[in-house]
Q: 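Pasting a structure here, questions to come.
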Amino acid sequence: MKYQRPKGTADILPNEATQWAAVESLAREVFKKYRYQEMRTPMFESFDVFSRTSGETSDIVTKEMYDFFDKGNRHITLRPEGTAGIVRAYVENKLYGPEIQKPFKTFYMGPMFRYERPQSGRLRQFHQIGVEAFGSDSPALDVEVVTLAMALLQSVGLNSLKLSLNTLGDNESRQNYRQALIAYLEPHEAELSADSKERLHKNPLRVLDSKDANDQKIVADAPSILDYLTPAATEHFTQVKEYLDALNIPYEVDSNMVRGLDYYNHTIFEVMSDSKAFGGKWTTVCAGGRYNGLVEQLGGPETPGVGFGLGVERLLLILAAEGIDLNEQHDLDVYVVGIGAETNAASLKLVQALRQQGFSADRDYLDKKPKGQFKAASKANAAYTLTIGQEELEQHKANLKNMANGHQEAIDLEQIYTDFGQAEAILAEKEN
RNA sequence: GCGGUAGUGGUGAAGUGGUUAACACACCGGAUUGUGGCUCCGGCACGCGUGGGUUCGACCCCCACCUACCGCCCCA
């Protein structure tokens with residue numbers, strides 16, 4: 001094979017594309033109800049947009065950025081996630097302005113890029129659907145975003161989901177906790193895995209997230225962030241939980257849950273699936289949280305924000321594993337069988353007329369014999385065929401055949417041109 | 001970035017150092033001068049991921065690379 005797609009990319013073929021389109025269209029419906037409006041930002045941004053916001057030591061920045069220098073020697077990055085670009089656009093276009101109602105609620109969908117080893121459900125170009133809401137500190141908004149994430153997944157037919165919740169607190173909580181955590185971990189430093197040793201001082205919270213069995217043992221007795229929250233942070237988290245309870249939305253507090261991105265604070269959450277698509281292991285399909293300092297960090301006014309991102313490929317994998325097919329079957333209404341080259345124009349006129357009347361219509365373009373054309377019609381699941389040959393041409397008629405029962409009747413071309421629905425009725429009547 | 005497994009036609013695949021690379025499905029054509037099924041007949045890999053090497057001879061052995069899948073890391 002001479003040409004092949006770049007590593008970690010995928011061709012989405014017609015069969016699959018309909019499923020994608022269905023997911024996107026269901027998402028749009030949900031967003032409409034929640035009043036989130038679409039934004040489309042560039043697929044690449046200045047490297048700094050991501051390096052500043054994600055955290056210089058984050059894995060995304062240190063090893064997963066798909067970056068390059070363009071011909072103007074600008075350091076460019078293919079966006080690894082959606083939030084930073086949206087925030088950049090929010091600031092650059094002054095969407096924080098007084099004339100814009102708050103919270104400003106927006107969604108996006110599109111490709112993201114991370115330079116990493118592909119596996120199923122993990123690609124170098126993958127797709128996310130995400131939302132962001134700016135301008136309100138209210139825990140009620142956190143909860144709206146959570147419910148939106150759940151609603152989105154439910155709208156495509158998923159029910160076996162788990163909502164995992166945690167808080168990172170505000171800056172002060174985090175600083176206090178960080179110190180406590182380092183103090184706890186340092187005595188164990190020698191026992192920690194290499195990765196965790198590395199993170200101990202750079203980003204100790206990430207140690208909590210370690211998959212290493214021994215690390216987990218150590219971490220099991222580590223202090224909890226929940227014990228270091230400031231009263232304000234506690235209050236925020238408590239309210240989030242209360243509102244979720246009020247909505248009867250079950251959740252699990254996982255005080256070890258952290259974020260690979262540095263910009264999060266307060267509420268963070270993940271929606272996980274235990275679908276067989278991932279071998280029954282709980283896998284995150286949707287992750288989000290609050291990021292109150294981010295807008296400021298990118299040069300805007302102090303503006304709180306909260307949002308989530310959802311991995312489309314993962315969602316599609318789950319749908320496939322659960323046997324959920326969102327495609328509406330659009331079978332062919334009419335297949336026009338033309339016999340002889342001299343019927344070419346007439347066949348075109350027929351399909352054209354049918355299409356203009358709102359029917360789906362197709363015909364042969366390979367000079368197939370009638371038998372082959374009927375086969376094609378059958379394969380396309382055509383409801384009717386319309387056969388036209390020399391004889392019909394002369395009589396200004398065409399043979400309309402109901403493919404389900406084989407009944408056939410000659411119908412005036414004029415009738416088909418003006419009202420095919422009536423032609424269907426005529427055939428149905430003759431059948432009885 | 002590290003470790004493991006794999007790579008034969010449109011698809012599923014057999015083959016395993018030595019004649020024309022099984023078989024099946026799909027597809028195309030014919031038997032059937034204008035009607036979907038079945039049956040029968042026929043066609044269908046410029047050649048076994050790419051490039052080197054070993055050998056009298058390689059799809060089969062060796063090396064490198066590419067790609068996919070799985071695990072690690074991390075995450076959506």
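We name chains A, B, ... by the order of the sequence lines, and we start the count at 1 in each one. The analysis underlying the following values was restricted to heavy atoms, covering all of them including side chains, and did not include hydrogens, waters or symmetry mates. Treat the numbers as computed from the prediction; the structure is a model and nothing was measured.
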Q: Give each stem of RNA chain B as a range with a range, requiring at least 3 consecutive Watson-Crick or G-U wobble pairs whose two distances are under 3.5 Å.
A: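 Correct response: B:1-7 with B:66-72, B:10-12 with B:23-25, B:27-31 with B:39-43, B:49-53 with B:61-65.
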
Q: Sugar-phosphate atoms are those with a prime plus P, OP1 and OP2; base atoms are the rest. Using that split, label each nucleotide of nucleotides 28-38 of chain B B, S or - for protein heavy atoms under 4.0 Å, 5' to 3'.
A: S-S-B-BBBS-

Q: Output yes when A:Glu270 and A:Arg259 qualify as a salt bridge under the 4.0 Å nitrogen-oxygen rule, no when they do not.
A: yes

Q: When the C1' atoms of B:G49 and B:C66 are compared, how many Å lie between them, rounded to an integer?
A: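 Between the two C1' atoms, the distance is 8 Å.
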
Q: Given the C1' atoms of B:A45 and B:C59, what is the spacing between them in whole Å?
A: 12 Å

Q: Give a yes/no verdict on a cation-pi contact between A:Arg355 and A:Phe359, requiring under 6.0 Å between NZ or CZ and the six-membered ring centre and an angle within 45° of the axis.
A: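 Not flagged: A:Arg355 not positioned over aromatic ring of A:Phe359.
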
Q: Which nucleotide, B:C66, B:A76, B:A68, lies nearest any side-chain atom of A:Gln4?
A: B:C66

Q: Under 3.5 Å, is there a donor-acceptor pair linking the side chains of A:Asp67 and A:His75?
A: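 Side chains of A:Asp67 and A:His75: pair found under 3.5 Å.
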
Q: With C1' as the reference atom in both, quote the distance from B:G15 to B:G51 in angstrom, rounded to an integer.
A: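 Per the computed distance, 24 Å lies between those C1' atoms.
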
Q: The side chain of A:Arg117 is closest to which nucleotide in this list: B:G3, B:A76, B:U67?
A: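 Shortest atom-to-atom distance from the side chain points to B:G3.
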
Q: Quick one: A:Leu316 CG to B:A76 C1', roughly how many Å, whole number?
A: 13 Å

Q: With nearest nucleotides of RNA chain B determined for A:Cys286 and A:Arg5 from heavy-atom distances, which residue corresponds to the more 5′ nucleotide?
A: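 It is A:Arg5 whose nearest nucleotide is closer to the 5' end.
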
Q: If the condition is salt bridge (charged side-chain N to carboxylate O under 4.0 Å, His left out), which residues does A:Arg40 pass it with, not counting sequence neighbours?
A: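 So A:Arg40 forms a salt bridge (charged side-chain N to carboxylate O under 4.0 Å, His left out) with A:Glu38.
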
